[in-house]
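See below for the structure under consideration.
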Amino acid sequence: MFTTSEDELVHRAQHGDRSAFAELVRRHHAHVIGVVYRLCGDPHLAEDAAQEAFVRAWLNLNSYRPLMPWRNWLYRIAVNVALDTLRRERHTLAINQVPEARDRQPDPQALLEQKEREHLVRQAILALPPTTRAVLVLREYGGLSYREIAEALDIPLGTVMSRLSTARQRLREHLAPWLAPQEVPYE
Amino acid sequence: MNEHVTAWLDAYQDGELRPAEQRRVEAHLTECSTCREELAARQVLSDWIRGLPKDLPFTPTERFTAQVMLRLPPRHTAAPQTPAALLWGLPLGLLLICSMLQALWGLIAWLRFGVQSGLLAEGLPNPFVGTTQSLWVALLTVLGGVSPSPVLQTATQWLQQTDRWFGEWLGLLTWQAQVTLLYWVWLLLWGWHQYRIHPRHPDKTEAIKSA
């Protein structure tokens with residue numbers, strides 16, 4: 001089946017083709033919501049912020065140049081919208097408000113442990129400073145390379161590395177009682 | 001290698017090291033249990049982070065897309081001007097101008113050689129014959145010679161003195177200055193163009209940087 005390339009879609013959307021932009025939204029909305037949700041911690045805020053990010057992307061589409069992938073440009077907008085939202089709402093989600101995942105495990109004990117682990121990790125991530133969290137989220141959930149994160153956040157590569165290192169260090173400290181390091185045999 | 005590679009383990013785990021650095025870390029890991037334990041702890045943490053459920057009950061794709069499309073305001077649809085013409089055209093144009101000027105300079109040098117060697121002495125004005133001054137000074141001397149203006153005469157004399165003092169260095173420095181000037185003009189125009197087509201909005205990256 002023929003699929004239009006992303007560059008072509010962006011080009012058409014820049015010329016006002018709304019259907020091309022709709023296709024871009026379809027392709028990227030899950031990733032954008034995922035990243036924004038990990039930054040905000042609230043699914044409702046995340047959906048609103050993701051919609052706002054796409055609206056801003058539409059409004060500023062003519063300023064986009066293919067010097068960086070469109071996805072990274074979109075992430076840049078999404079992260080900024082999420083940070084704006086966090087500043088505005090000053091809202092973090094309590095554990096009992098976290099939405100349930102659809103793929104539950106059948107074993108009640110395993111499910112309980114899984115939920116406890118998810119709760120701990122969520123709390124630890126949400127406890128990070130927003131800018132540090134943004135780097136971690138783009139790496140772990142956005143799947144961006146260091147260079148792409150630097151582009152998306154418009155920060156130096158060294159800053160990406162230091163923030164990522166800081167984020168992981170704080171998570172390790174936060175989760176230390178539950179993280180059991182294991183000796184890894186090495187060939 | 002005795003030094004621990006703890007500082008490199010994040011980048012190693014993310015596959016961001018260069019091949020040589022990666023081999024160095026791998027070699028160290030084979031002999032250092034401390035760093036292996038560090039790496040194992042990082043891997044456990046990474047598994048925990050990435051283990052958060054991805055299939056969250058968000059709005060389905062089509063509905064989300066429809067909601068976004070309903071919120072889209074009208075937008076000017078003028079396509080942006082492609083920067084390609086400026087990106088390639090301007091430096092190429094400057095290069096062409098430089099080449100033409102260099103060719104002209106070479107022609108003048110050969111002309112002077114012809115004059116000084118006597119081959120072209122008969123066909124050129126008197127000031128060129130046997131002179132060591134630059135062609136542009138010689139031309140001005142001709143103009144000054146036929147001009148009744150005392151100001152131009154004075155200026156010509158001053159130029160002749162300056163030219164003798166600088167000698168051949170003046171031409172060389174002039175060319176270097178021209179090439180440098182052309183380069184900086186292009187750089188400034190390119191920077192201005194980039195600023196114009198890449199406005200800072202919609203990114204509020206300053207907020208990110210400052211925190």
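Chain naming here is simple, since letters A, B, ... match the order of the sequence lines and numbering starts at 1 in each.
- For Leu175(A), the part lying under 4.5 angstrom from a heavy atom of chain B is the side chain only.
- Every salt bridge (charged side-chain N to carboxylate O under 4.0 Å, His left out) that Glu52(A) has, sequence neighbours left out, goes to Arg56(A), Arg71(B).
- Within the 4.5 Å cutoff, side-chain heavy atoms of Arg26(A) are placed close to those of Glu62(B).
- Both the backbone and the side chain of Ala11(B) come within contact range of chain A, with heavy atoms under 4.5 Å apart.
- Of the two parts of Ala50(A), the backbone and the side chain both hold a non-hydrogen atom closer than 4.5 Å to a non-hydrogen atom of chain B.
- Most heavy-atom pairs under 4.5 Å with chain B: of the set Met161(A), Arg139(A), Arg147(A), this distinction falls to Arg139(A).
- Side chains of Gln169(A) and Glu173(A): a donor on one and an acceptor on the other come within 3.5 Å.
- Atom CG in Asn72(A) sits 11.5 Å away from atom CD1 in Ile77(A) (nearest 0.5 Å).
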